[in-house]
Amino acid sequence: MIQILKNEKNQQLFFLNTSDTSLVLFVPESRHVFIPHWGGKIEPTDIGYIIEEISRASYLPDADGKKNFKLEQMPQIYPSYGYTDLREPAFSFRWKDGSRITDLRYRSYSTYRGKRKPERLPAVLSDEDSEVLEIVLCDTLKQTEVTLVFGVFEKYNAITQSVLVKNKGEEAFYIEKICSANMDLLFSDLDLIHLSGAWGRECNIKRRHLEQGIQAVGSTRGAGGHGQNPFAALVSPDTSEDQGEVYAMNFVYSGNFLAEVEVDMHENSRFQIGIHPFEFEWKLNPGYEFQTPEVVLVYSGNGLGQMSRTFHKLYRECLMPTRFRNQERPVLLNSWEANYFDFTRDSLVSLAAQAAEAGAELFVLDDGWFGRRDDTTTSIGDWIPYEKKLGGNLESLISDIRKRKIAFGLWFEPEMVSPDSELYKQHPEWVIQVKGRRIEKSRDEYVLDLANPAVCEYIIRSVGKILSENSISYVKWDMNRNFTNTGSLYLSPEQQKELPHRYMLGLYHIMETLTKEFPDVLFEGCAGGGGRCDPGMLYYMPQIWVSDDTDALERLPIQYGTSLVYPSIGMGCHISDVPNHQTGRRVSLETRAAVAMWGNLGLELNFNKIDSAEKIQIKKYIGFYKKVRYIIQFGDLYRLKGLEIGNEYAWMYISDDGEKILITYVQIMSRPNTVSKRLRLTHVEKQALYKDTLSGRRFHGSELSEIGLEIGKISRDGDSQQWLLEKVSEKDKGQI
Ligand code: DGJ
């Protein structure tokens, strides 16, 4: 709920309150906007004194000539550089006279229900449950307005923020930096948590204590990348899954980003996130506007677990395409690790038939079905079926496969082009490049210049043609390289630094158009695994292939880290062959299945290489998964072990109605001769009685929480155990 208070000094306070949290903004006589509080919920009351009592020594003049009033010491919501604040600014504009000083002061506010979608960008939206506060700031000398747009999602405990800049003056100016959110906190005894890694080991949790100075994570690769996810959280040092204070930001954007924390000499922390300023500049002509992507701000007073559940629910109910929010996701088989490029019509149909027999509901034909594609060297961009290899046209192959009672999905990599392709021959100028300089290939491909509308139209037309002419119910949208030699032959010299952001706007336009035109097609985002895993993608593509690393044990830290922010229903997790193709490791099928049940279970294996006993086992696991997937996909996740890197991982889901609980435990290295171990469950109803449907045993909730489930004898590395608990109804209780 948004509540506004005016005190007797005519100062204003804005309370952006959700069920359990508050973000409070304070506008004193100077008309700056300060943050007296971001944290647990407080009822509207005059807390402007928090700001007014700040006064510390520094080598700066007084702002506005007011004694001891220095912006550098104030917790500001959208600070500039140069008056009496010399910290990292939230934004920087370069004016026609070359100056970079901007003085934003509060001008007005408005509120309304039902958050609107920012133009050309993905967003968290909910008609019923969102309220909006717009705060208009203005630099009167340059007639420029900056509107801070806050969305308050009360029942979800989340706030969104974006920024709209309007040039109402008579001169063009350049936006050099533009954060989507900035939070100044009056303390710094905090840890920074972020999700980092590399290809094959994405989203590992990193944690470090803040020190005076700047600490940052970001990407200038044209996408978030495998290295850094656009998420950062500041947490109190005691923070674990169930305790501690968490201040989190997640950027609803899939391109270059920077998340930064500056701890200043007064032990304040400036926490901000936005488009990375390094490869960015935007010329804003008179009469024009610039809209930033938005940020989701989450505060949790009960540790990381609560933060994650807040993101999960918000993203499932208010971010993912409406059509897929409440729909169980299919069990799929992806052909990549089974065949790579080496397949025939018969091998595909046989794989699909065996997948269907095992219970899979969707067969996905990965790379290699188009142009003349038999390896990575050709044909990306030529989205025309390779009929010779497919043994006929695509529709007849699909029809053969669908006869096996399994739906059909197809792989694309629309943003790239092979130098050896018809598309490149016709349009070499469509590639990201700097004139006169060598264009570098990565995985034998170039990046298309999506700042050019003609390129976007080509992608929409060519992908759209395949989707409209064939019975395709799923698309895997891949992206396998980052930008180098960033330049556009389409944009003018002075627009070159606009390219990375214009690329994203082009991509979002393509996705918006295709997902609208084909609303029933389930899109899965992929960028060599999790190289572009962010809420911007989830807005269009409600699931993401989170890593190319399919080794079950390697997947544990990846899925743990990814689940910090992204819901299980958004994660593709597959059972693959052993020895694993990335690590050479052999993990039992039982554990491979248990780990793949962290998200949307799929298969990525070659049925011809496994024996009939394993086929039966796979069928059993798929059957079990189908019974419990509503708990995983729509329930609440509780991580029980794994935050401190160790030998054990455990996690559980409680179904939406609280009736069922699915628990999984995995031990990485087996150890002989240890005492019996137990897994204590958090968040179960202590008064309830539960029955383990797998063993038949009954447990009191209090027993599960105080003593725990017995972990059986571990006899091999990577062993696992699962329990499916069901609440015992009142009428059956007497039987214990
Ligand atoms: C990279 C993806 O992450 C893989 O799953 C697979 O689709 C290959 N690309 C195909 O080229």
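Just so you know, ligand 1 is whichever comes first in the structure, and atom 1 is the first atom listed for that ligand. What you see below is based on every heavy atom in this structure, not just the backbone, and it leaves out hydrogens, waters and symmetry mates. All values reported here derive from a predicted model rather than from experimental measurement.
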If the cut-off is 4.0 Å to any non-hydrogen atom of [X], which atoms of ligand 1 fall inside it?
| X | result |
| --- | --- |
| G528 | 1 (C), 3 (O) |
| N480 | 1 (C), 9 (N) |
| G529 | 3 (O) |
| C526 | 2 (C), 3 (O) |

If we set the cut-off at 4.0 Å for heavy atoms, which region of [X] has an atom near ligand 1: side chain, backbone, both, or neither?
| X | result |
| --- | --- |
| E337 | neither |
| K476 | side chain |
| N334 | neither |

| message | Any salt bridge linking R461 with E457? Criterion: basic side-chain nitrogen under 4.0 Å from a carboxylate oxygen. | response | no

Q: Taking the side chain as every heavy atom from C-beta outward, state whether E361 and L332 have any pair of such atoms under 4.5 Å apart.
A: no

In terms of residue, atom name and distance, what is the protein heavy atom nearest to [atom]?
| atom | answer |
| --- | --- |
| atom 6 (C) of ligand 1 | D366 OD1, 3.4 Å |
| atom 3 (O) of ligand 1 | D548 OD1, 2.4 Å |
| atom 9 (N) of ligand 1 | D478 OD2, 2.7 Å |

| query | So, does R443 sit close enough to ligand 1 that a heavy atom of it is under 4.0 Å from the ligand? | reply | yes

Exercise. Kindly confirm or rule out a cation-pi arrangement of K441 over Y446, judged by NZ or CZ under 6.0 Å from the six-membered ring centre and within 45° of its axis?
Key: no

- For residues N608 and Q354, is any side-chain donor paired with an opposing acceptor at under 3.5 Å? yes

N250 and Y566 side chains, donor-acceptor separation under 3.5 Å: yes

Exactly one of W477, W369, F523 clears ring-ring contact (aromatic ring centres under 6.0 Å, His included) with F412, and that residue is W369

*Apply salt bridge (charged side-chain N to carboxylate O under 4.0 Å, His left out) to R373 and D367, showing your working.*
CA-CA 8 Å; R373 184 119 166 135; D367 199 349; 2.8 Å; yes

Considering distance alone, does some N or O of D367 sit under 3.5 Å from an N or O of ligand 1?
yes

Exactly one candidate in R325, E317, R316 meets side chain to side chain contact (heavy atoms under 4.5 Å, CB included) with F634; the answer is R316

